[in-house]
Amino acid sequence: MKSRIIERAVLAALGCGLALTVPTVLAADADELKVFGSVTGGLQHSDISGDEDNAQRHGDGLNDAVIVPNIDIRTIQGQGYANFLGIDVGQDDQFLGVEAGLFGKFEASLYLNQWFRNYTDGVFLGQRAGKGYWAVDDNIQQTLAAGFTPLGANPTAAGQANLLGFLADAKSVELEQQRTQTGAAFLLKPLKGLNLHAGYASEERDGLKAAASGSYRRAATGANALGGLGENFRAYGQEFPSPLEYRTNAVNLGVDYQINRFYFEAGYVYTDFNNEVNSITYENPLLYTGQNNQVGGSTVHRAVLAPDYDSTALSAAIVVSDLPLRSRINVSYAQDEVKQDDAFFPLTVNPVLLDDAGAFVANLPLPANDLDGDVQTTFINAVLSSRPINSLAVNLRYNSYDYQNDSARILWTGWAGIGESTWKDYDGSNAAQQPYYNRVPEYERTRYGADAVYSFGSSIKLKGEYQNEEYDRNEDRYADTTEDTFRISVQWLVSDWGTLRVGYRDSQRDIDGEYAERLASGVQEEWSELRMFDQADRDREGFDVYFGVDPLPSLSLGFAVAQTDDTYDEEFYGLHEGKTLMAGVDVTWAISERFALSAYYSHDQLETDQLNRTKSDKTGGGSFAIPQNDWRTEITDESDAYGIEFSAEIVPEKVKFTLAADLSDGTTETDTSNPDFLAGTTVSGAVGYPWPDATVESTQVKAALEYRWSEKLGTTLTYLYSEQDIDDFATDNVVPYFGSAPTDAQGNSMSHFVFMDANPYDFDANVFMLTLDYSF
Amino acid sequence: VRGFKLVAALAMIGGMLLGANARAEDTNTVGDKACNKCHSDVMAGFKQTRHSKVEFFGIDNGGCEGCHGPGALHAKSKSPGDIKNPGKLKGEEASKLCLGCHNDGATQKHWVGSEHESLGVGCTNCHSVHQSHPKMLKTLAEQDTCFTCHKEQRAAFMKRSTHPLRDITHAGNVGKMACSSCHNPHGSQSEKLISANSVNDLCYGCHQEKKAPVLWEHSAVKENCLSCHNPHGSNQEMMLTAKEPRLCQTCHQQGRHQTLAGEPNSFFVTNRGCSNCHASIHGTNNPSGLKIKH
């Protein structure tokens, strides 16, 4: 990967050099060549403790390095120009761009843009045996299988010890991804007002991310002495490194033309997305043999990754101005068709897995070779804007988005379930085994509305808005909804020293009718267990306030707050309430010409209240007879951010010092209780489990001392401190082997899972940078 | 009385003549060199901007007086009141000035009637032609310009999981993305000023692998990514709006898995929660993947 970066950097530099010659060649006149810009380079030293990968996730390039944060070279000669821009040149997230052309005639540009995203490394028992295959040594599988089979039972102590031993020796896998975007664009202006443009863009996304895949086993009532529950649900599974090798290529063509009061544009984009790794196959380290004790029976799993597709998008827009009543109309139309016909993989990767009839599942015929996926989206947006009198502006709006899914609806009669270890027969042989179709969700969203702004003099504006939004969904998306929204706001500009803006909105969303009674083609009444808040009746109220004031020419104060309250009164289960509160205040004070101070505080809060129906922690009698209970959960998720910045010009035009500190404190409180005992329906005394608070604290400090050798040349010594402390039980609990003896009330939900333990953890980083900048 | 009328008439005529003279002086330009005599510091920054090169764009009246108007009176009086200062104008008035040249339909197509335009936000509220910052913004970091009004959004930038909006190693703490990566402050065809036809279309711009239809769809996914994710940041991983399994339970009332009330050390709560098993939560094309597990 590194060599490719260097190769592209060299190519870009060559392109730059080539482009720099363009104006010289094209500029027929002998105007003076003007060159200006800036360059910054230097050295960096980093000292990171804790999770170095997490540190680099929040700040790229935190290592010991020669750095080139900025190269900005601009040239003009006559009508010709050429510019080169480089950011973080040589780093993993560098940008290199060059553009050149003749003002008013044409412009050509090239760019290379790289994005780096680091993740915490993880451990993995296997090794990569091919692009999309992770293998585990037979020896490991054989040893572990002795202690872990059957998977529906507790593993032996020896088996667990063996696993821990293997994990201790397991290799660390670097998890990271890099986007490399390259592109070229060309703009031609053959006539005044006429622009023709064409471009090509390519993106390669490479790397590894941790992915998970789990499965489960059920055992009979009271089996394995796990507490006597009616059903033993034992999850097991593993995390594995999932490769990313995405390739996206796109070409675009466009034209826009403006003449007098008419504007027209049209565009075409063709995109080809290709996933170089369409599936990932991984061996289960806990099993050597599977079904019928045969190697290959259920020891291998396959995850199918994102399919290839291509899309063709067309768009057009027209704007006509200077209509009667000082009106203007703006209409946009866009259509995008996505086609996906990746061949289906066989129902299992396990070669000897048998179905109920004794046939090899891997050889079973599929009901279709591919999805024949075809989605067409059609978008229309129209806005008629008028200003019938000077003090009144009116907008009438229409907007629709149609997601039409013409993909195949395929009838399936079975599937390889439970980690591809068993065959699930749905061949219609009894009432509970009816064949089923895949869902093909579709929807059409239509909005229309109007808003008007009335100005009282030049200081006060009153704005009123109305919008109707309708969703028309097919049976695979269940419910149609209609929502009416009213909003009113007023803004007062108090001379030139203050602004006050207050807004209030009220929305009501209603389901048209009820949830769909059943899937049109399905038999499993899953929807009775679904209460989808995004399609539910909802009342939404909200207000927002903005206040900015400059009490002194050197002092600015600002305050903003926005709150939204959602209530889902018609929902018995699922989300009942959702409230957001966001607020911010800041102050900027120019103490003198040489000293300045600014500070801010921002608060972000989300509160939700939901009621769920799930199985309780009480034992029951008989298989599948664990009593269900209603659980209420209140979640409060808060974030506070503080910051202060001080700058001082210690010696005018010579020495400058800046100090900035930013702190963030996030907390998630999750309180679950069981207040809703219903005699005969739920179980009294079932325990609700409040979760520990999850907290995230971040601190970032930046101090910079700048010395100007001259107006053009300067040196800056910068110190950065970055720290993040994460206290989250859900990730802190994670160890490479999560299992051992069950300790929760049920004794059967702990199961065993081989994690990569690749979650972000605490870090603190001290970084020193010494840079030299030169402008010309 | 007649004498008074005569004096008044003469005074009016004199006043008109003086006024006409003043207006005549107003139309006199002095050129950038005259401006540079007193405003060399401003000119130094201005020379780094494209606005100092407008003559190449076919605009004759470029330079300082292209925006500030004729400067002869100001050059003579040195009074700030004798020169137009777009930065002191109200947003709408300043915008009229800018739109005199920036009348290109492609970039200003959705400006009229947009949220910013209707509230009187003007070009000079965000841009300064004297600065050499990217996009001629008033601040080095784009988000700092947005925070001028959207102060309530600051907390998002340092949350546990966010888009790469902030990188302390860079000047201005700019990251690989900025507010304008998703929002178009000049107006757009969609809600919240997003620069795409829908929220999902916007997300697919970078997350291309999520776009195609697949065999087993998680039906909410293709309608709105925001049902589960907060693109401004979250205290949870993956910018999720809540921790699993609670997030999943906002819709799914599942009677099959035990203990989803959730002991903190339960498998269903630890690590990825439901996604420990249902990993292909965005849908899968695997014929055996109808439980979106692989």
Side-chain angles (χ1 to χ4, degrees), chain A residues 59 103 115 212-214 235 248 256 258 263 273 303-304 306-307 309 332 340 344 347 371 373 375 379 381 383 385 395 401 407 415-416 438 441 453 477 529 532 534 560 573 575 582 584 602 604 612-615 628 631 639 641 664 666 668 689 691 696 698 700 729 733-734 744 746 749 751, chain B residues 56-58 105-106 109 112-113 118-119 151-152 154-155 158-160 167-169 176 189 197-198 208-209 211-213 215-217 219 222-223 227 235 242 246 249-251 253-255 258-267 269-272 276-277 279 284-288 290 293-294:
Chain A
F103 291 123
W115 305 43
S213 184
T248 307
D256 61 78
Q258 179 151 21
Y263 169 77
F273 173 81
V304 174
Y309 67 87
S332 301
Q340 186 273 107
F344 286 142
L347 287 157
L371 179 64
V375 167
F379 173 80
N381 183 64
V383 182
S385 305
N395 297 295
Y401 187 90
S407 303
W415 53 291
N438 55 302
V453 182
R477 270 303 277 153
E529 298 176 337
M532 291 181 284
D534 60 332
Y573 291 115
L575 196 61
M582 302 172 75
S602 179
D604 185 337
N612 297 118
R613 188 169 182 84
T614 67
K615 289 185 178 181
Q628 295 186 358
W631 306 95
S639 295
S664 174
T668 304
Y689 297 97
W691 291 350
V696 184
S698 299
Q700 295 185 340
F729 62 95
N733 281 349
V734 175
D744 64 346
Q746 292 71 40
S749 65
S751 305
Chain B
F56 297 114
F57 292 89
K109 187 172 54 182
V112 175
S118 65
L119 290 172
K151 305 174 193 304
E152 74 281 7
R154 275 188 190 271
M158 285 184 66
K159 285 188 176 179
R160 177 179 182 175
D167 187 339
I168 192 176
T169 64
K176 289 296 281 187
Q189 67 273 38
N197 297 333
S198 72
Q208 304 97 335
E209 75 280 7
K211 183 174 180 176
L215 175 60
W216 305 111
E217 298 274 14
S219 65
K222 289 297 196 304
E223 190 170 303
S227 293
N235 285 327
R246 290 290 179 267
Q249 290 176 317
T250 54
C251 292
Q253 313 307 309
Q254 177 54 271
Q258 291 100 318
T259 69
L260 280 182
E263 278 188 273
N265 64 351
S266 161
F267 170 80
V269 176
T270 296
N271 204 36
R272 301 166 189 263
N276 282 328
C277 293
T284 175
N285 217 39
N286 188 341
S288 289
L290 74 168
K293 286 196 272 192
H294 42 256

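Chain identifiers are assigned alphabetically (A, B, ...) following the order of the sequence lines, protein sequences preceding nucleic acid strands; residue numbering begins at 1 within each chain. For clarity, every value in this text was computed on a predicted model and none was experimentally measured. Side chains included, hydrogens not; waters and symmetry mates left out as well; all remaining heavy atoms used.
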**Q** Counting heavy-atom pairs under 4.5 Å with chain B, which one of A:P307, A:A416, A:A306, A:G373 comes out on top?
**A**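 Option with the top pair count is A:A416.
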**Q** Side chain, backbone, both or neither: which part of A:L347 has a heavy atom under 4.5 Å from chain B?
**A**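 Contact with chain B: backbone and side chain both.
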**Q** What residues form a salt bridge (Lys or Arg N to Asp or Glu O under 4.0 Å) with B:K176, not counting sequence neighbours?
**A**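 Here no residue qualifies.
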**Q** Specify which of A:Y401, A:F729, A:F273 makes the most heavy-atom pairs with chain B at under 4.5 Å.
**A**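 Of the options given, most contacts go to A:Y401.
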**Q** Can you list the residues that meet the salt bridge (Lys or Arg N to Asp or Glu O under 4.0 Å) rule with A:D534, with sequence neighbours excluded?
**A**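 If we apply the salt bridge (Lys or Arg N to Asp or Glu O under 4.0 Å) test to A:D534, skipping adjacent residues, the hits are A:R477.
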**Q** If I measure from the heavy atoms of chain B, does A:T248 come under 4.5 Å with its side chain, its backbone, both, or neither?
**A**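 The answer is the side chain of A:T248.
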**Q** Name the option with the most non-hydrogen atom pairs under 4.5 Å to chain A; the candidates are B:L215, B:N286, B:T169.
**A**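 Looking at each of B:L215, B:N286, B:T169 in turn, B:L215 comes out on top.
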**Q** Name the region of B:T284, side chain, backbone, both or neither, that has any atom closer than 4.5 Å to a heavy atom of chain A.
**A**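 Side chain only.
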**Q** Checking heavy atoms, do the side chain of A:S698, its backbone, both or neither come under 4.5 Å from chain B?
**A**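 Contact with chain B: backbone and side chain both.
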**Q** Considering only heavy atoms, which portion of A:F379 lies under 4.5 Å from any heavy atom of chain B: side chain, backbone, both, or neither?
**A**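 Side chain of A:F379 only, per the 4.5 Å heavy-atom cut-off to chain B.
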**Q** Under a 4.5 Å heavy-atom cut-off, does chain B meet the side chain of A:S407, its backbone, both or neither?
**A**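 Side chain only.
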**Q** Go through B:Q189, B:K222, B:Q208 and name the one with the most non-hydrogen pairs under 4.5 angstrom from chain A.
**A**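 Ranked by contacts with chain A, first place is B:Q208.
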**Q** Please classify the contact between A:N395 and chain B as side chain, backbone, both or neither, with a heavy-atom cut-off of under 4.5 Å.
**A**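 Contact with chain B: side chain only.
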**Q** Between B:R154 and chain A, which part of the residue has a heavy atom less than 4.5 Å away: side chain, backbone, both or neither?
**A**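 Looking at B:R154, backbone and side chain both touch chain A.
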